[in-house]
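Working notes, structure below.
Computed from heavy atoms alone, side chains included, the values below leave out hydrogens, waters and symmetry copies. Positions are given from 1, in the same order as the sequence printed here.
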Amino acid sequence: MPELIAPIAGKVWKILVAVGDKVELDDELVILEALKMETPIFCDDSGTITELLVKEGDSVNEGDVLAKIG
């Protein structure tokens, strides 16, 4: 099952999808904030969001799983 992985450490500023949403390659799914900069995180695959493992305001480390895509 594909996963959306945090490429950098930061705070989850905005989640743009919900469980059950269909997503395509290069869709913007999450925005992380690090060093006062907003960094969009894009989908690497297409499918349906099956699980969100973070919520807005959570701190994440590089490599953390943000969401699962089925």
Side-chain angles (χ1 to χ4, degrees):
M1 175 178 295
E3 298 175 326
L4 183 66
I5 306 292
I8 59 171
K11 183 184 276 189
V12 178
W13 185 74
K14 185 104 173 138
I15 297 175
L16 305 170
V17 294
V19 172
D21 287 355
K22 298 218 181 289
V23 294
E24 299 293 330
L25 179 66
D26 293 331
D27 282 354
E28 190 173 335
L29 305 184
V30 175
I31 300 174
L32 295 181
E33 180 183 34
L35 303 172
K36 305 276 185 196
M37 293 180 59
E38 296 168 10
T39 304
I41 310 302
F42 298 96
C43 190
D44 290 338
D45 210 338
S46 60
T48 301
I49 302 293
T50 59
E51 189 176 1
L52 287 171
L53 302 171
V54 295
K55 62 185 182 309
E56 291 178 5
D58 284 355
S59 293
V60 296
N61 293 310
E62 181 179 348
D64 284 355
V65 178
L66 306 176
K68 295 187 179 183
I69 303 167

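A 4.5 Å side-chain heavy-atom check between Val60 and Val12 finds at least one atom pair inside the cut-off. In this structure, Thr39 and Ile31 have side chains that are not in contact, with every pair of non-hydrogen atoms separated by 4.5 Å or more. Within the 4.5 Å cutoff, the side chain of Asp45 has no heavy atoms near those of the Leu25 side chain. Between Leu53 and Lys68 the shortest side-chain heavy-atom distance falls below 4.5 Å. Taking the side chain as every heavy atom from C-beta outward, Leu16 and Leu29 never approach each other to under 4.5 Å. For the pair Glu62/Ile8, no side-chain contact is recorded, criterion being any heavy-atom separation below 4.5 Å from C-beta on. Looking at Val17 and Leu52, their side chains come closer than 4.5 Å, going by heavy atoms from C-beta outward. By the 4.5 Å heavy-atom criterion applied to side chains, Cys43 and Ile69 are counted as neighbours.
Atom CD of Glu33 sits about 13.0 Å away from atom NZ of Lys14, to the nearest 0.5 Å.
Of all the heavy atoms in Ala6 and Leu32, the pair that sits closest is CB-CD1, 4.2 Å. The heavy-atom pair separating Ala34 from Ala9 by the smallest distance is CB-O, 3.4 Å. Between Gly57 and Lys11, the closest heavy-atom pair is O-CG, 3.6 Å. Heavy-atom minimum distance, Leu4 versus Phe42: CD1-O, 3.6 Å.
Checked options Asp64, Asp44, Leu66, Val65; the residue passing with Glu3 is Val65 (criterion: side-chain contact (heavy atoms from CB on, under 4.5 Å)).
Side-chain atoms of Glu56 come within 3.5 Å of backbone N or O of Ile15 as a donor-acceptor pair.
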